[in-house]
> 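Could you have a look at this structure, given as structure tokens, before my questions?
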Amino acid sequence: MNILAKHFPALQILIPLAGALLATLSFNRFFAWIIAIISMLLSLVLSVYAFQLTKITSIFYAFGNWSAPIGIEYRLDNLNQPIIIFINSVLLFFLVFGKELINATITNYIEDGKQHIFYSLLLFAQVGYLGVLSTNDLFNIYVFIEISSLSTYVLMSKGRSSKALIGAFDYLIMGTIGATLILIGIGFLFARTGSLNISDIANILSNSASSRLVMTAVAFFITGVILKMAFFPMHFWMVRSYSSTAPFVLTYLAAISSILGVYITLRFIHFTIDNKTIITTLSLILRPIAIFTIAICTFLALKSSDFKKVIIYSTASQIGYIFLLITIPEAKQLLFQLLIIDAVNKIALFTIVAHIQNKKEDLGFRNFVYIEKSTFFKILIAFSLLFSSGMPITSMFLIKINMFDLLISKNLITELVIVVLGSTLALLYHLKLAKAIFFSPYHNETIKIETKLYGLTAIVIIQIVSLIYMNTMTTIAGYTTSVIL
Amino acid sequence: MQHLIYIFAIIILNAGLFIMLTSDNYVRKIIGLGIFQSSVLIFYISLGKTKDGIVPIDICQNALNCPHTYSSPIPHVLMLTAIVVGFATMSVGLALIYQIKREYNTVNASELDQRNRQ
Amino acid sequence: MMQLAGPNILVTLTIFIGIVNFITPFISKEDSPVRSFFLIATSVSFLCNVLMLDYLFLNGIEPSFTILNFGKYSIALRLESLGMIFLNLLAVLWICSLLYTIKFLSINEIKNSNRFLFFLNCCIMTGSFIALSANLFTMFIFYEMLTLFTIPLIAHSPGKKSTQRLLKYLKILGISSLVLLLPAIIIIYVTTGGGNFTPGGFIAGHFKDVYAITLLLMMIFGTAKSALFPLHGWLPSAMVASYPVSALLHAVVVVKTGLFCTYKIIAYVFGIAYLQTLFSNYNWLVLLPIVTIAYSSIQVLRFNEIKMILAYSTINQLSIALLSVFLLSPKGFVAAVMHMVSHSFSKICMFYAAGNIYSVKNSYNLSELVGIKNTMPKTSFVMLIAGLSLIGIPPFAGFISKFYILLAAAEQDNFLVIATLIFSSLFTAAYVMKMLIFIYRPTSENFILHLKLKPYFAEPRPVEITNRVTSSNYEAEKKLPIFMIISIILCLSGVVGFFFIQQVIVKFLGFI
């Protein structure tokens, strides 16, 4: 127990890494799956145990006893530990419930001797994300971003359609540009302060006057993050590459990538720079972009001709809401509620798409398939669409109400109008999705859903549970408004 | 005069970016990627150079009485990692290109677009 | 939270009984006496519970409790006079609807009746929750859920045109409530710190006059269920559904919810006195329903389809009720509530009679109503009474409520309203007469004998032993299930005996 308590920051990363390596050596699809589940289970248990420790105080862990600022240091506090628990549970859920869908839609299309590598790639991506979350060292963030990105490029290229390869290549080009811009930003900060440790940089910067070098660093860094997260002006590549990949992979990716982007932005803005004037100027820039995203992406979602594209544009517009909330300091609790609820919704929607696309490749609205018989599937779809569109009395509705409340009490009328408009358009494109599923004419192709629905059931149950326990969840996680700053 | 190196890095960055974004052939895009990442290498290493500093390899026998000034070794070390990362990215990119070539028999972006639009 | 444990338990029990009715439709796959028994028994016990709550309420006890709490917003229920009236109306009409719908579904061979009945019960229970709601947030949530629950009812029998109409219905209702009603509610919550309904209103003094009027307009148009022009388009679109659904939507739950929400907003959020000061110069609020009345009166004379006539007639009557409440006086308010109840009974009679005719003989247009007076004399009689009540002829329900409205308008010397009311009654007379003329037109025996009835009702001519030729067409009405007849008789007695009902209403409203 003592070893666990002392070394858990390293163990949290090392257990999935060990799992990834073992999975590569297992040479069998089923054993790789078992190894992945065991390592994720251990990792989840460990992170929950560690959560009790980080609630009390932030834990700083120096690798190899080389203390900061010379060595690499990990920092686990109540900002990132709950997120670690969340992504561990997302991957565990994905592995446990998605086995049949993974086999049907992805691994069946990989050559026989290499199917187990899929699971090890998943674990490598997980290691990368966990590393980004745990570390307190700027360059380490870049390294882990690259580790996770590399695994993600390969994960996205697998699937039935060979268009996925092109999508993955586009993602590779754009993602590398983003990561390199982040690296340049880190370089400027290093030039200014001489240190790579986040707490150390914050210390040095707060004791000195602001300089143009720091502004440049911030500009490069934020641009890199925006590019990597596919925030509005640079969202086009995401739409192209997401729409060609296997939808079940998107279940894992879409849920996590926006959370990671938000975390990196928050960690950078509040813990590294920590200079009030920069934050307000940044908000002034980010807010109009956020408003444009919400307006334009929901409009494009409405105009899409394809089931999957609607959901992808909806993901892009949610990023707009997230950035709008980042720029409002009192919105911390709401921000995390929105992130988690949105991730759960997206998991449900992409799982639905995976079930349908398993049977028919083309999801255009003009000749959408008619799904016969599967009543339970249709009930689950009804629930998921209700929860995702924000109809009363779902968690999304409560979040929207709190958002309206916040915007009204801060007198942000333009933002309020755009958010109301965005919600209306969201309602309309959900109607479009519902129309495609429930009201397609008989004479289109008919399919029957044959894959098991455990995953979808579990997600819908989680959606319902999160409604009741939303407030308690965020207070347990410690995300009340004042805790972060 | 000292800033010439930074201007050089910016030129290479723009060159790499231009090649990456406007090439039709995927292999050329990967080449652009390599050039783009090299510019960052130049930038970092030039950060570490001190006036009259030599390459940071310890050639002094006597640690107390060293007449040499070394440039800072940290950026060199960081860039070793960055080189490895760039190398890994290029390999993944080339592997993807190989698969694309096998599937589609071409690696031109415009031809792939045309073929997928049908 | 839970003071007055006794009455709260009674309220919870009432709700529980209502929820039991969600399960009863699934007792058997298709129509069976067991299922009908349980359905009716549950709704009758619901009515008994509501009557007990009435007794409690009239003795001054007002139970209230909170179900869920989300900080500033909460889902809470509370008994108060306007809500009690609505609750009673729903409880009575639930029994009538169930009696009618069960048999209507079976003789028209509509499949999946258990799903249909489940959503019907959900709609009525949601209406009850709206009646019991204690604050704006609760009311809004159940208002939206009502829209959701009516979707499977309208879409029950799929078809291409019905999908388009359904989407139009959803778009109008959904967008209006999301863009107009919800922001207004949240603005009220943020500015005043709470949204609980208080008699006499609670927002006076928090807003400048212009903003208050804007808020009022947002909320009035946001409750599109009350079918004010130009947000009335959903009503004719929703007519694509079958008769029991249309009756439910246009007479029982959906439109009455719209009216109820508007009444609540005017009396319990803004307050009649505050509104009088806002509109002290000139009460231009009454112009809104007048436009609607004019528009619907012209439209109704254009159509020859029965359902469309009934739809625009509903829009007309709803605007008359809104006209009365926009007079912004206590008398006008009482008259409006009166009209809400009387119109429910009249309209549901008319819809059920039309549904009977539809079950016997496929009738979409007025011209197909010829000969009904001989095949179905009692149904034609019901149509006659209901039509006379709509016009406002004594001693039926419509007359009493319209008389109250005239009194309230006269008290304010509002000649515009009085003139509108008279004109609207004239137009109502026009289309009702049009319908009745088709029903009561004298026809030849030959014509009647050759009327094509639906298979259930048209049996092959029996080979006669005696020389008396009896046509089964004359006996068609006797084959209607007894449930449907009981249901219609109940509703008819509401129309005819409205004099007594209105006394009860006045007693309840004395508590505001």
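Numbers restart at 1 for each chain; the letters A, B, ... are given by sequence-line order, proteins then strands. Just so it is clear, the structure is predicted and the values come from calculations on it, not from any experiment.
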> Between C:Y189, C:F140, C:Y73, who has the most heavy-atom pairs with chain A when the cutoff is under 4.5 Å?
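Looking at each option in turn, the highest pair count goes to C:Y73.
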> Where does C:F142 contact chain A at under 4.5 Å (heavy atoms): side chain, backbone, both or neither?
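Neither part, no heavy atoms under 4.5 Å.
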> Which one wins on heavy-atom pair count under 4.5 Å against chain A: C:I185, C:L148, C:L170, C:T191?
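Between C:I185, C:L148, C:L170, C:T191, the count favours C:L148.
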> With chain C as the partner, which of A:D405, A:V420, A:L428, A:T424 has the greatest number of non-hydrogen pairs under 4.5 Å?
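Of the candidates given, the most pairs with chain C belong to A:D405.
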> Measure the shortest side-chain to side-chain distance between A:K432 and A:V310 over non-hydrogen atoms and say whether it is less than 4.5 angstrom.
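They are not in side-chain contact.
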> Which answer fits A:F438, side chain, backbone, both or neither, if we ask what part of it has an atom under 4.5 Å from a heavy atom of chain C?
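It is neither, since no heavy atom gets under 4.5 Å.
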> Is C:F137 in contact with chain A via its backbone, its side chain, both, or neither, using a 4.5 Å heavy-atom distance?
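The side chain, not the backbone.
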> What class does the angle between the rings of A:H355 and A:F377 fall in, given that below 30° is parallel, 30 to 60° is tilted and above 60° is perpendicular?
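Rings of A:H355 and A:F377: perpendicular, as their planes differ by over 60°.
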> Are C:S226 and C:V255 packed together at the side-chain level, in the sense that at least one heavy-atom pair is separated by less than 4.5 angstrom?
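Heavy-atom side-chain distance check fails, nothing below 4.5 Å.
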> Quick check on C:L166 against chain A: is it the side chain, the backbone, both or neither that has a heavy atom closer than 4.5 Å?
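Contact with chain A involves the side chain of C:L166 alone.
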> Tell me, side chain or backbone of A:L386 under 4.5 Å from chain C's heavy atoms, or both, or neither?
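For A:L386, side-chain heavy atoms alone lie under 4.5 Å from chain C.
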> Under 4.5 Å heavy-atom distance to chain C, tell me which part of A:I401 shows up: side chain, backbone, both or neither.
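It is both, since atoms from each part get that close.
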> Does C:K256 make a cation-pi contact with C:F86 (under 6.0 Å, within 45 degrees of the axis)?
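C:K256 over C:F86 ring: no.
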> Within the structure provided, determine whether A:S389 and A:M396 are in side-chain contact (heavy-atom separation under 4.5 Å).
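A:S389 vs A:M396: side chains apart.
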> Side chains of A:N78 and A:K55: does their closest heavy-atom pair fall under 4.5 Å?
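The answer is no; the side chains never approach within 4.5 Å.
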> Between A:Y313 and A:K308, is there a cation-pi geometry (under 6.0 Å to ring centre, at most 45° from the normal)?
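No - A:K308 does not lie over the ring of A:Y313 by the 6.0 Å and 45° rule.
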